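Below you'll find the structure, written out as structure tokens, and then a few comments.
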There are 2 protein chains.
Amino acid sequence: MYQRKIPIDYNCGLNVAMEVVGSKWKFCLLDEISKGIKRPKDLVNAITDISKRVLQSQLKELEFHGLLGKTVYNEIPLRVEYFLTETGESLLPLISAIDKWGLEFAPQLKIILENQIIEVES
Amino acid sequence: MYQRKIPIDYNCGLNVAMEVVGSKWKFCLLDEISKGIKRPKDLVNAITDISKRVLQSQLKELEFHGLLGKTVYNEIPLRVEYFLTETGESLLPLISAIDKWGLEFAPQLKIILENQIIEVES
DNA sequence: ATAAATAGGGATTAATTTATCACTATGTGA
DNA sequence: TCACATAGTGATAAATTAATCCCTATTTAT
């Protein structure tokens, strides 16, 4: 975690929402967990490019913020499963809408960024 | 702007969306502009705590990514107005949904973070 | 010539997030 | 004892975002 120096504006819903889900991997994590991938080791495999360390810290924050819960099974090797809380569930429609928007926008962004590189090199 | 070292995954809508709107002020900016506050000087006043410099850089990025357009009026003093492009408009429903979610979640987050501070101090 | 109002950018630092690497802990079975 | 599999953390570095301070440019009015 990190002790903020710049405070959150609780009256701005956008600010609040960004605080708990506005990071690189959290939407992906909630998405994967909603699809039934619940164990850290499976999440690491499912999400390309996330490292184990970052995964754990993001899971911890999501749990701390009350979007995820976890179950520890008394098995060997240890089995831990994360699940969406009611609050976490309430985000799913937003996540899928954002994902959809992003996919539609992707080609446009690709073109923009590729043109930018050409300008820089010429 | 900033020349990314870690590339964008264009196949992940969430990743793409976060790239263009996943920053502290962009949702707020799009929101205010959609409400009719279009000039930089008015946006600076409307958005508590944003500085002029940051505002300009965020507007520039939003324009670069094709979510905003701008009109320069030949007046003195100079008048510039930003407006939402079609792509920008398409984000409005998402923004209002996120804002709504954040406002509902705010009290919960406040309690969580306040409890955290008490633990640290005891 | 100078101040005022507006938009915008350069350079730098501070804040924050993400990545890397290497560790601990647990219980099992070779 | 030692390696394995799983979950998790500590310390640190690298990447990225945001904040600060101060400058330029334009045109009008004093």
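Lettering of chains follows the sequences in order, A, B, ..., and the numbering in each one begins at 1. Just so it is clear, the values below take in all heavy atoms, side chains as well, and ignore hydrogens, waters and symmetry mates. Just so you know, these numbers come straight off a predicted model, no measurement behind them.
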Nearest whole angstrom, please: distance from the [atom2] of [N] to the [atom1] of [X].
{"X": "B:Asp42", "N": "C:dT6", "atom1": "CG", "atom2": "P", "answer": "9 Å"}
{"X": "B:Asn45", "N": "C:dA7", "atom1": "CG", "atom2": "C1'", "answer": "14 Å"}
{"X": "B:Tyr2", "N": "C:dT18", "atom1": "OH", "atom2": "C1'", "answer": "11 Å"}
{"X": "B:Asp49", "N": "C:dA15", "atom1": "CG", "atom2": "P", "answer": "15 Å"}
{"X": "B:Lys41", "N": "C:dG8", "atom1": "NZ", "atom2": "C1'", "answer": "16 Å"}
{"X": "B:Gln56", "N": "D:dT20", "atom1": "CD", "atom2": "C1'", "answer": "15 Å"}
{"X": "A:Glu61", "N": "C:dT17", "atom1": "CD", "atom2": "C1'", "answer": "9 Å"}
{"X": "B:Tyr73", "N": "D:dT28", "atom1": "OH", "atom2": "C1'", "answer": "21 Å"}

**Nearest to side-chain heavy atoms of A:Gln58, which nucleotide of C:dT28, C:dT18, C:dG8** = C:dT18

**Nearest listed nucleotide, side chain of A:Arg53, among D:dT9, C:dT16, D:dA7** =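 Within the option list, the nearest is D:dT9.
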
Classify the nucleic acid contact of [X] as base, sugar-phosphate or nothing, counting any heavy atom under 4.0 Å across all strands shown.
{"X": "A:Tyr82", "result": "sugar-phosphate"}
{"X": "B:Arg39", "result": "sugar-phosphate"}
{"X": "B:Val80", "result": "sugar-phosphate"}

**Item:** B:Lys38/B:Asp42 salt bridge by N-O under 4.0 Å criterion
**Value:**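 So B:Asp42 does not pair with B:Lys38 through a salt bridge.
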
Quick one: are [X] and [Y] in side-chain contact, heavy atoms under 4.5 Å?
{"X": "B:Thr87", "Y": "A:Trp101", "answer": "yes"}
{"X": "B:Pro40", "Y": "B:Lys52", "answer": "no"}
{"X": "A:Leu92", "Y": "A:Glu89", "answer": "yes"}

Verify, without hydrogens or angle tests, whether [X] (side chain) and [Y] (backbone) share a donor-acceptor contact under 3.5 angstrom.
{"X": "B:Asn15", "Y": "B:Ile8", "answer": "no"}
{"X": "B:Thr85", "Y": "B:Gly69", "answer": "no"}
{"X": "B:Asn45", "Y": "B:Lys41", "answer": "yes"}

**Asked** Quick one: on DNA chain D, does A:Pro77 or A:Ser57 contact a more 5' nucleotide (nearest heavy atom)?
**Response**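 Looking at DNA chain D, the more 5' nearest nucleotide goes with A:Pro77.
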
**Message:** Tell me whether the count of non-hydrogen atoms from other residues, nucleotides or ligands lying under 6.0 Å of CD in A:Glu75 goes above 12.
**Reply:** yes

**Item:** Of residues 5-38 of chain A, the positions that come close to DNA chain D - non-hydrogen atoms, cut-off under 4.0 Å
**Value:** A:Ile6

**Request:** Determine whether any donor atom in the side chain of A:Lys52 lies under 3.5 Å from an acceptor atom in the base of D:dG8, or the reverse, and answer yes or no.
**Result:**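 Check passes, donor-acceptor contact within cut-off.
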
**Contact under 4.0 Å: B:Arg79 side-chain N or O vs C:dA7 OP1/OP2** =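 Answer no for this pair, as no side-chain N or O of B:Arg79 is under 4.0 Å from OP1 or OP2.
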
**Asked** Under 4.0 Å between a side-chain N or O of B:Lys60 and OP1 or OP2 of C:dA7?
**Response**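 Checking C:dA7 against B:Lys60, no side-chain N or O comes under 4.0 Å of OP1 or OP2.
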
**Prompt:** On DNA chain C, nearest-nucleotide positions of A:Ser51 versus B:Val72: which is more 5'?
**Reply:**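 That would be B:Val72.
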
